[in-house]
Peer 1: 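Have a look at the structure that comes next, please.
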Amino acid sequence: MKYYVTTSIPYVNGEPHLGHAMEFLMADVLARAARKRGDETLFSTGTDEHGGKIAEKAAELKMTPQALADQMSQKFRDLVTALNVRPDRFIRTTDKGHEQRAQLIWKAISKDVYKNKYVGWYCTGDEEFFTETVVKENNGVCPDHNRPYEKIEEENYFFRLSKYNRQILEAIESDALLIIPETRKNEILSLLRSGLEDISISRPKDKIDWGIPVPGDKTQVMYVWLEALLNYITVLGYPENENFKKFWPADVQVVGKGIIRFHAAIWPGILLSLGLPLQKALYVHGYITIDNKKMSKSLGNVVSPAEIIDKYGADAFRYYFLRHIPSYGDGDFSWPAFEVSYNNELANELGNAVQRTLAMIQKYQNGLIGDMPDAQHDSSGYYEALQEYRFDRALDEVWEQVRGLNQYIDIEKPWAIAKTGDEDHLREVLAYQAGCLLEIADLLEPFMPDTSAKIQAIFNEGIVRPLETTLFPKFETSSKE
RNA sequence: GGCACCAUAGCUCAGCUGGUUAGAGCGCAGGACUCAUAAGCCUGAGGUCGGUGGUUCGAGCCCACCUGGUGCUACCA
């Protein structure tokens, strides 16, 4: 079996934030889980780098757009590395290969492309046109970017999205293109039922120069959103590369709730025009708030992922965002909540379970573990949760086992057995504990790869091998203003 | 305006096609223990399941309306 998973590619107009981090993590878990079960796996992510906004910002900073894109793309790459996220591909839309292949795609969909005049209100911040109503509601100023909408009249190429409306609708209704969670599916269905309009897919080059040229028309560049979507197949080497033939269609594409329209309507439209199968699934995650407030620079509540990782480590970061941000909804980050979770669940429950088991085996048996039983627990709930992209519940299942182990230890009281001198029984109990920890480590592998490897290293060899450092050292809870 | 969703212990949430005393985690209180990162384990207190009316032998789960909140989407002028 092959498995292809993608994230959306972040636009490089801002610093990487917690939302980007979480999306990387979710795709990483899916990819690691797929590799673990033996699938030939390709996990792709990257950065989206063209468009007027980048050009504008580069000009402000007196940089070339390319230099700005280089610098920003690297920050996302650094975040990926810091999170211990391991994509097989990191595509940049300024990669030559992407640009060339995007142009091939343009030609391939040309039967569905026509030129027309477009008049509308445009926000450079969103790279998007808005309806008259929206503009009026916001008194002519885009609320997300705090800048006035511009009235633009221009010649654009249009894509006949309307032509594929029915096919897209049917694919989603039938779950041929599975959208998860269901509320997101319903949203997109109502959009599709109300009818899709053709969309503008180019911009005049004299307005926006920083983009991929439209083949055969020197006056136009591709609309950045269109071209960014194409990364999902250009990264595979569309149309001729073996990887493309092997890995497309994607098994799942991970995106945030703000961009489902692009991924559940426009992108499928392009694929249909190309005569390609649609992605099999679209998993839509929510947004993260900080202290229950939308994160924003003006509120000054931005928490950088690096700040958390530096202090607590990648696995603790992965753990919190995968377990405590609801997989099917929005979630919240706060330092106190993070620290409580870290100290109680990682240090006390898991870390200490490892420590007490390790210590007793050393103390009572000179480190010799004895025969460990094979995995004893029913982990079907964990696998079902993973199957449904419920990362939070999958980790709940693992923690059921962690708690179960601590209970077992308190019921059996190996320290009391040690006093009776019943060595066989003691060895049996301690080996069972170690076996449980290996089982837990196995389940944790996609979520917390380092922790998993450390636990395995301790108990894997029949004789315990203690770590040099504590698994999850406790921290004083700091209250940050 | 339309469509959809949500409102359950102090907090975050589970509750499948309606069926005995409504659950978990956190937080809080108490207890027994000592292998361990003063960790872990046990017990307990806490809910008229947003409101009103209805269907039913029986509703947190169904229906109507109301209140409050969220998402998607639209339009007259």
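Residue numbers start from 1 in every chain, and the chains themselves are labelled A, B, ... in the order their sequence lines are given, proteins ahead of strands.
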Peer 1: Can you list, by residue number, the residues of residues 159-185 of chain A that have a non-hydrogen atom closer than 4.0 angstrom to RNA chain B?
Peer 2: Arg184(A)

Peer 1: When the nearest nucleotide of RNA chain B is assigned to Arg323(A) and to Lys419(A) on a heavy-atom basis, which residue is associated with the more 5' position?
Peer 2: Arg323(A)

Peer 1: Which donor-acceptor pairs under 3.5 Å do the side chains of residues 366-373 of chain A make with protein atoms, sequence neighbours left out?
Peer 2:
none

Peer 1: For U48(B), what is the paired nucleotide under Watson-Crick or G-U wobble rules, both distances under 3.5 Å?
Peer 2: none

Peer 1: Can you classify the ring geometry of Tyr408(A) versus Tyr432(A) as parallel (below 30°), tilted (30 to 60°) or perpendicular (above 60°)?
Peer 2: tilted

Peer 1: Kindly check if the number of other-residue, nucleotide or ligand heavy atoms within 6.0 Å of CD (Glu170(A)) is above 12?
Peer 2: yes

Peer 1: Could you write out each protein N or O paired with an N or O of nucleotides 28-31 of chain B at a distance under 3.5 Å?
Peer 2:
none

Peer 1: Side chain of Trp415(A) only, please: which of U73(B), U34(B), U37(B) is the nearest?
Peer 2: U34(B)

Peer 1: Of all of residues 351-361 of chain A, which get a heavy atom below 4.0 angstrom from RNA chain B, listed by number?
Peer 2: Gly351(A), Asn352(A), Gln355(A), Arg356(A), Ala359(A), Met360(A)

Peer 1: In Watson-Crick or G-U wobble terms, both distances under 3.5 Å, what is the partner of C62(B)?
Peer 2: G54(B)

Peer 1: Please find out if less than 6.0 Å separates the ring center of Phe321(A) from that of Phe333(A).
Peer 2: yes

Peer 1: Whom does A7(B) pair with, Watson-Crick or G-U wobble, provided both distances fall under 3.5 Å?
Peer 2: U67(B)

Peer 1: Heavy atoms under 4.0 Å, any strand shown: does Phe472(A) hit a base, just sugar-phosphate, or nothing?
Peer 2: base

Peer 1: Between C35(B), U37(B), U73(B), which one does the side chain of Arg261(A) approach most closely?
Peer 2: U73(B)

Peer 1: Which whole number of Å gives the distance between the C1' atom of C75(B) and that of G15(B)?
Peer 2: 40 Å

Peer 1: Does the plane of the ring in Tyr283(A) sit parallel, tilted or perpendicular to the ring in Phe391(A)? Use 30° and 60° as the thresholds.
Peer 2: perpendicular

Peer 1: Could you tell me whether Trp225(A) and Phe262(A) have their ring centroids closer than 6.0 angstrom?
Peer 2: yes

Peer 1: In whole Å, measure the gap between the P atoms of G47(B) and G23(B) for me.
Peer 2: 13 Å

Peer 1: Please walk me through it: do Asp422(A) and Thr420(A) pass side-chain hydrogen bond (donor to acceptor under 3.5 Å, both in side chains)?
Peer 2: CA-CA 6 Å; Asp422(A) 187 347; Thr420(A) 69; 5.2 Å; no

Peer 1: Nearest to the side chain of Lys363(A), heavy atoms from C-beta on, is which of C35(B), C42(B), C26(B)?
Peer 2: C35(B)

Peer 1: G54(B) and G58(B): how far apart are their C1' atoms, nearest whole angstrom?
Peer 2: 15 Å

Peer 1: Of all the nucleotides listed (G71(B), U37(B), U34(B)), which has the minimum atom distance to the side chain of Lys474(A)?
Peer 2: U37(B)

Peer 1: How about Trp399(A) and Tyr319(A): are their ring centroids closer than 6.0 Å?
Peer 2: yes

Peer 1: For this output row, return yes or no: ring centroids of Tyr232(A) and His263(A) closer than 6.0 angstrom.
Peer 2: yes

Peer 1: Quick one: label Asn344(A) by what it contacts on the DNA or RNA (base, sugar-phosphate, nothing), any heavy atom closer than 4.0 Å.
Peer 2: sugar-phosphate

Peer 1: Just call it for Ile411(A): base, sugar-phosphate, or nothing, with non-hydrogen atoms closer than 4.0 Å on any strand.
Peer 2: nothing

Peer 1: At a heavy-atom distance below 4.0 Å, what parts of residues 391-404 of chain A sit against RNA chain B?
Peer 2: Arg393(A), Arg403(A)

Peer 1: Have a look at G46(B) and give me syn or anti from its glycosidic angle (syn if within 90° of zero).
Peer 2: syn

Peer 1: Is a donor-acceptor contact shorter than 3.5 angstrom present between the side chain of Asp410(A) and the base of G40(B)?
Peer 2: yes

Peer 1: Which nucleotide wins on minimum distance to the side chain of Val340(A), given the candidates C72(B), C26(B), C41(B)?
Peer 2: C26(B)

Peer 1: Using a cut-off of strictly less than 4.0 Å between a heavy atom of the residue and any atom of RNA chain B, enumerate the qualifying residues of residues 446-470 of chain A by number.
Peer 2: Thr470(A)

